[in-house]
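Both backbone and side-chain heavy atoms feed into the values below; hydrogens, waters and symmetry mates do not.
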Amino acid sequence: MPQRNSLTEPDNDAERLRRLHHDAMSPDGTRLLIRRVADAVRGRVALVDAEGALTPADTQVDAAELAAIETDLNRIRAGQARSAAVHHGDRMVSVQTIDTDPVAPILLISARAAAYQGVDRLIADVARLLWMRWRADEALRSAQRVGQAATAIREVVMHLLMLGHPDSAQRVASTLTPRLPTFLTVYVVQAGKVDRDSLAARISRITGDRAWIVHCPVYVKHLIVLVPAGEHEHHRLADAVEELVRKVVAGPDRIRVGASQVVALREVAVGYEQAFHALAAARGGTGSFEMFAFQESLAAIVGPAGESWATRILAPLRAFEPARTQDPDAEALELTLGSWLNFGTGAARQLKIHRNTLTSRIAQLERILDCDVRDLPTQARLHLALHLAARSAEPNAQQAGAQPAGVESAEADSAGPELPDLLGTSEVRAWMTRQLEPLHTAEEHLLDTLRAWLDGGARLEAAARTLELSVPAVRKRIVRIERLLERSLLHGPSVRYELHFAIRLHDDGAIEPDLAE
């Protein structure tokens with residue numbers, strides 16, 4: 001006879017149940033309940049799932065005992081029995097279901113036959129609590145799977161918006177709530193995980209779950225928030241979120257936030273770039289929250305006049321047809337190029353591809369475009385071409401009769417301005433002056449530092465050699481330039497391409513074509 005204790009003694013039912021319930025509510029409740037039974041019978045106890053796996057995973061159950069009870073296990077799984085027991089040598093192996101669900105685990109006990117006496121009530125109580133715990137764990141796992149699916153869908157929606165496919169993003173977003181807003185403000189939050197999650201929950205609450213909140217797939221400390229800019233319940237959601245964010249970043253925690261101007265849904269990529277640069281200003285300035293200081297992009301200044309040039313530059317890529325169906329097509333390669341120009345090696349995380357796949361695609365792009373896409377002047381031209389092509393694809397441009405980017409025509413092939421012509425206008429020179437003006441009124445060496453950094457392919461080491469300074473000294477100067485320009489230079493999305501053109505125009509007064517056009 002096993003020794004009677006407070007868990008097997010009939011006169012102590014209340015205390016036994018109290019302890020069992022306490023175990024069941026613990027984080028490791030299933031293991032604790034199984035251990036209670038194992039201690040009581042001085043044997044081996046485990047849960048066997050539908051695949052035959054044991055819980056706890058480190059339970060040592062004799063293979064011969066499992067084989068002896070296998071037929072009964074199958075009968076229980078088929079719903080033909082609720083429990084069974086077989087003798088195996090000097091031990092008795094018993095199994096019983098804890099739920100009628102065919103995927104529910106089965107309680108297995110292996111002990112000497114005499115050990116079962118006086119513990120039947122304990123086993124029954126534990127079986128009921130294991131059922132409750134299993135149901136609760138299954139519900140939690142289901143909720144986690146739903147949450148993971150929702151997170152993945154939000155990432156896909158953000159990805160489509162960043163790539164300029166608002167209609168596709170809206171269709172995917174319809175599987176969740178809320179509906180994507182027509183006009184919105186983009187926030188980029190940089191903080192630790194606890195602060196990010198807390199701020200995300202508060203934004204969801206005050207916007208009635210109408211904000212789209214996505215954990216950035218490229219920068220792990222960033223949270224991207226799309227807040228509707230329209231009216232809702234007598235107040236503007238964007239204003240309410242801005243008030244909350246200003247209050248949060250004024251606290252002691254190291255939270256930094258950048259916010260875009262109000263943009264249309266199809267301009268989310270532009271809004272993200274604005275918020276990203278505003279975040280750089282927030283990191284480098286005295287405040288922790290910054291709105292984007294608007295400056296018109298070079299593509300906007302060049303305007304429709306540059307669309308035929310962009311078409312010619314991108315024509316070899318857009319005419320590309322893969323040799324095999326499994327290879328990336330022209331659209332996939334163009335998306336890869338745009339992501340890589342903005343995020344560098346981080347493009348692999350944004351595009352959800354392996355870094356070796358990214359490297360292979362970059363090499364393929366170099367063959368198709370017949371250029372070195374790691375060369376900064378070449379990157380600047382490709383970046384401008386992609387932005388001009390995106391502008392030409394906007395509804396207003398097409399309604400005005402503009403040729404959609406990527407559509408070849410005899411006129412596009414035979415005529416059209418060259419890049420030096422596009423950048424030689426008075427409007428572009430005025431843009432250049434505005435870009436560099438903050439550096440002219442600051443320390444004299446900053447313009448030389450920016451020039452050396454860009455000439456060195458935006459590499460700190462190359463600039464340090466040119467300037468005969470240490471790398472930390474050059475980095476410090478670049479950070480100072482970031483603060484003055486209120487733009488991010490060391491991290492993407494990159495403004496270095498526009499600064500390349502600005503510096504070239506400032507120094508030489510002209511741009512020489514280095515791509516075959």
[atom2] on [Y] to [atom1] on [X], rounded to 0.5 Å:
X    : Y    : atom1 : atom2 : result
Y497 : L382 : OH    : CG    : 9.0 Å
Y272 : L226 : OH    : CG    : 11.5 Å
I503 : D507 : CD1   : CG    : 5.5 Å
L386 : E334 : CG    : CD    : 5.5 Å
H159 : L351 : NE2   : CG    : 5.5 Å
L184 : R210 : CG    : CZ    : 11.5 Å

Short side-chain to backbone donor-acceptor contact, [X] and [Y], under 3.5 Å:
X    : Y    : value
S360 : N356 : no
R477 : T449 : no
Q274 : Q261 : yes
H500 : R496 : no
R196 : L223 : no
W431 : E296 : yes
E498 : L298 : yes
E482 : L490 : yes
S488 : H491 : yes
Q379 : V373 : yes

May I ask you to decide whether [X] forms a salt bridge with [Y], counting only side-chain N to carboxylate O separations under 4.0 Å?
X    : Y    : value
R374 : E366 : yes
D137 : R133 : yes
R171 : D167 : no
E138 : R141 : yes

- Please walk me through it: do L32 and R36 pass side chain to side chain contact (heavy atoms under 4.5 Å, CB included)? CA-CA 6 Å; L32 291 176; R36 290 286 190 187; 5.7 Å; no
Would you say [atom1] of [X] has more than 12 non-hydrogen atoms from neighbouring residues, nucleotides or ligands within 6.0 angstrom?
X    : atom1 : answer
H22  : NE2   : no
E51  : CD    : no
R349 : CZ    : yes
E468 : CD    : no
R355 : CZ    : no

Which pair of heavy atoms, one from [X] and one from [Y], lies closest together, and at what distance?
X    : Y    : result
L337 : L369 : CD2-CD1, 4.4 Å
A464 : V474 : CA-CG2, 3.7 Å
S288 : V249 : CB-CB, 3.6 Å
A281 : E290 : C-CG, 3.9 Å

- Message: Go through it in stages, so that I can follow the logic: the residues are K247 and E243, the test is salt bridge (charged side-chain N to carboxylate O under 4.0 Å, His left out), and I'd like the CA-CA distance, side-chain angles, deciding distance and then a yes or no.
- Response: CA-CA 6 Å; K247 179 180 178 181; E243 181 180 352; over 6 Å; no
- Message: Quiz question: by atom type and distance under 3.5 Å, do the side chains of R154 and T151 form a donor-acceptor pair?
- Response: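 Judged by distance alone, the side chains do not pair up.
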Validation row: [X], [Y] side chains within 4.5 angstrom (heavy atoms):
X    : Y    : value
L388 : T311 : no
R256 : V188 : no
H383 : N342 : yes
Q435 : F501 : no
T336 : Q364 : no

- Task: Step by step, work out the side chain to side chain contact (heavy atoms under 4.5 Å, CB included) result for Q190 and I255.
- Result: CA-CA 6 Å; Q190 178 178 300; I255 300 176; over 6 Å; no
- Decide yes or no on side chain to side chain contact (heavy atoms under 4.5 Å, CB included) for R480 and L439, but give the supporting numbers first. CA-CA 10 Å; R480 171 66 175 151; L439 300 184; over 6 Å; no
- Task: Verify salt bridge (charged side-chain N to carboxylate O under 4.0 Å, His left out) between R451 and D455, making sure each step is shown before the conclusion.
- Result: CA-CA 6 Å; R451 182 184 296 108; D455 289 345; 5.6 Å; no
- Query: What class does the angle between the rings of F292 and H277 fall in, given that below 30° is parallel, 30 to 60° is tilted and above 60° is perpendicular?
  - Reply: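 Tilted: the ring planes of F292 and H277 meet at 30° to 60°.
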- Message: Run the salt bridge (charged side-chain N to carboxylate O under 4.0 Å, His left out) test on E155 and K352 for me, step by step, so that the C-alpha distance in whole Å, both residues' side-chain angles and the decisive distance to 0.1 Å come before the verdict.
- Response: CA-CA 10 Å; E155 271 196 30; K352 306 298 184 188; 2.4 Å; yes
- Task: I would like to know whether V214 and V225 meet side chain to side chain contact (heavy atoms under 4.5 Å, CB included); could you show each step before the answer?
- Result: CA-CA 6 Å; V214 182; V225 185; over 6 Å; no
- Cation over ring, R459 on W453, under 6.0 Å and within 45°?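 Ring-cation test returns no.
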